[in-house]
Amino acid sequence: MRRVLLLLLLLALTAIGTWQLFRQMRPAESSTDPWSAIPSDAALIIALPDVRSFWEQWTRTAQLATVFGGTATGQAFDRVFSRLVGNEADGSAHVPLILAVVRRDDGSAASCAVLSSMTPDALAGIAAHVGAGLGRAALERGERIRLQVDTGLPDLHGTLHKDLLLLSSDPALLEDMVRKTGMAATNNGLTQARRTLGLGADAYVMVHLAEAWPGLEQWVDPNALGELPCSDGWAALDVRIRPEALLMSGVFLAADSTGAAKNASPFTQEDMLRALPAEVTVLDLHGPEFLARRIVDHAPDSVRSLLSEWSGMASATGSGYIAEDSLAHWLVVAAIDTASTARVLASLQATGTSALKHRGYPIHHAPALRVLADSTWTPALEWVVLLGDHVVIADLSSAAVRAVDAYLDGGTLAQDLRTSELLQRNASPALRTIWCDLGRGQVQLARSATSSAAATMATQADLWNELGGLLFQVRRREKGMSYIHLSVQHAPISQPVDRTRWSLPLTAPLIGVPQMVRNHANGMSEILVQDSTTRLLLISTGGHVLWEKKLEGPMCAPALQVDRFRNGKLQLLIGTRQNIHLIDRNGADVAGFPVRLAAEASAPLSVVDYEKDGHYRILVPLEDGRLLNLGPDGKPVEGWTPEKLAVPINSPVQHLRIKGKDHLLFSDANGRIHVLDRRGAKRMAKGPELSKGSKLIAVVGGNDLATSQLIHINADGELRSTTLGGTTLKIGRAEQERFGTYSSGTGSRLWRLDGDSLWTRDPRDRVASASRYRGPA
Amino acid sequence: MRPLRSGNEEGGWQVIAEEAPSLHLVDAQGSELMSPLKAMGLAAIGDLDRDGELDLVTVTPDGRLTARRVAR
């Protein structure tokens, strides 16, 4: 019994010791909830889970980053964020940031920010870095400091409090934040909205509608803005950055959801777009409640009965310029019984007048339909025409005429390639859809803007021309929550909107084939190319040049990606005839590189990771017959003592592991195959001799060394397979460089092109496929 | 038609027709995986932004490096 007690005591002591040890090893993290410092009356909150990841994704992926970066505010943010993420030594590797905008009593806006860190001690350094080295010591003493972060942004007041860095443009707001920090959340709306946020987004946006709506008057004319469009509440959106768009999806939590529409079904927009002309640049697709409300609230009894059929119908409103200085508005609703609807429209014709006829379609002047107009949109809707099974009501007779022409001539919004492609990208069936072509509709938008905002837009026309659709949708409503989507697209009006993602002018022709390389930070791909001036260019997912770097010559083969420091970050390993380069994702040489070769490379380098543990080897064949073996640090591997050949090696080194033993295989200029072990010693005293000028291109492992196959091409361009036991099979003739190996579900296969035929075979000469490819003439 | 070069990626081969520079993506049976694309050379193929759509990046006849989705 005593032994058991002693054993339990020992186990308990061991557990306590281990827990203490790991507790000390764990990085100290801000213990205070950074959200507690955010003012409860914030109008807008933007939360970045990690500043560096967000900036990485934004600048390296989003085409919109170029547009935003063209504005003065964008340039200021660019400078601040670049400093914020520019110094890893400050511990900014993982720094969540919450930004908030608060409306003050006088209507002006104040901003604030909260930064936390896995290493709170680093926050003072980050502040000093962003604020040009100002006040680090004072900040560490807990004093209030003033930071001039950028000439294009207001000064910030800041302090370190409870392991958080608190910043604000308003010193009074900063004191409020200090008082609040660490206190339990009291704002239920914000708290509930936070709970709906998803995981893994690039950023989060939260909007308190009643607080934010009046703030829009800074940019939108109050008459066009109107009153709050629905009851107050919080919108909580997950932000995803994509090359062509910024996508925001989430929920709107109404403070009072009792009036929310029930049993509504999402609908598609396609039908109604067939009755609207392509000039429409602002579109609003409403659920049935829109027309029902207009008819019930505004139509006199005599008209209400005539229009009762439309009360349960979805409708679309659109506006756009049909001529310079002629902004037109249209409303579209479906006609269930076209004959009956035609009679109703005729009955609405103004007394004493007759319908206009345009290309066989009667256009009625129906002033009674003005009740359907909304003054924030257009004061008049009085010209109506029946087009197919849709009623189109316009504010101008010329607008009704344009609708008829578009309908008959294939010029509708549904047939407009730009609109249909942009809508197809992001729109879904929804209860409400508001869409605006920002590029094409900027003149119309400027009419609704304040004079100062319109003036700014005029100076930034080039940037607006880069924008595509702004889309807002209410996709469904459930349990008091509206599921909403907001997106902004990049789609230059100067380029056709098709399946092109981006197009980049080149200053010199390319050498070789563009290569996709992995961005380890977000898992997306970037493009590596080399041009004829031997410049290497890395192009972002979104299509802009991230960096360029001059090399001394062409790459011998496509770049390889390696994890030099075994920390999940990838570098580009590139061999030229003269050097081995290891380049990080920012275009900088990794320490120890480039490695100057003592003789020119005679074949592309190979990377072998024997144990798949990141301890890789770089094998470089040289013209002087040596085979170089370098470690990840670029230094020669100790103990590597291969024999120097009398002739150059003419193939990259192939690695084969058989029965736990590593084999390095390559051919020399005489056609001799060499097989070495990890230390460079011969595994075969004398390897097979292929014909002179043959080049090893692939190795297919067998059950043992003797049955393993060497795929090679001879000087005449004939592909052959030779086992290390000496059996040779002819595979076929391939035009130079038009062959290779690939993996299929049943093992390795060889492919080659001969004339207009594409051949694939398995290595044992069984024909897997031999098909003639004939493209269009 | 004479293939210029080809490479296997993502389950398909690329074949460049020299006469009317165009890029064809074909499977092992020679079936076209997309409509031919005007291009001056082979393309990088893959999913650029992990949206589930295959993308091609190649030099188009106007000398621009162009990325576009593959319409299958």
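All chains are named by letter (A, B, ...) in the order of the sequence lines, taking the proteins before the strands, and each is independently numbered beginning at 1.
Ranked by heavy-atom pairs under 4.5 Å with chain A, the list B:Thr66, B:Asp62, B:Leu48, B:Thr60 is led by B:Leu48. For the set A:Glu244, A:Gln515, A:Arg242, the entry with the most heavy-atom pairs within less than 4.5 Å of chain B is A:Glu244.
Below 4.5 Å, heavy atoms of chain B meet no heavy atom from residues 485-493 of chain A. Applying a 4.5 Å heavy-atom cutoff, the residues of residues 521-534 of chain A that approach chain B are A:Asn522, A:Gly523, A:Met524, A:Ser525, A:Ile527, A:Val529.
Remark: A:Asp238 engages no residue in a salt bridge (Lys or Arg N to Asp or Glu O under 4.0 Å) (not counting sequence neighbours). Applying the salt bridge (Lys or Arg N to Asp or Glu O under 4.0 Å) rule to A:Arg418 yields the partners A:Asp437; only residues at least two apart in sequence or on another chain are considered.
Considering every non-hydrogen atom in both A:Met516 and B:Asp47, the closest pair reads SD-N, 4.4 Å. Scanning both residues, A:Pro514 and B:Leu65, for their nearest heavy atoms gives CG-CD1, 3.9 Å.
Residue B:Asp51 touches chain A through its side chain alone, counting heavy-atom pairs closer than 4.5 Å. With a 4.5 Å cut-off on non-hydrogen atoms, A:Leu510 touches chain B through its side chain but not through its backbone. Both the backbone and the side chain of B:Val57 come within contact range of chain A, each with at least one heavy atom under 4.5 Å from a heavy atom of that chain.
At least one donor-acceptor pair under 3.5 Å links the side chain of B:Arg64 to the backbone N or O of A:Ser503.
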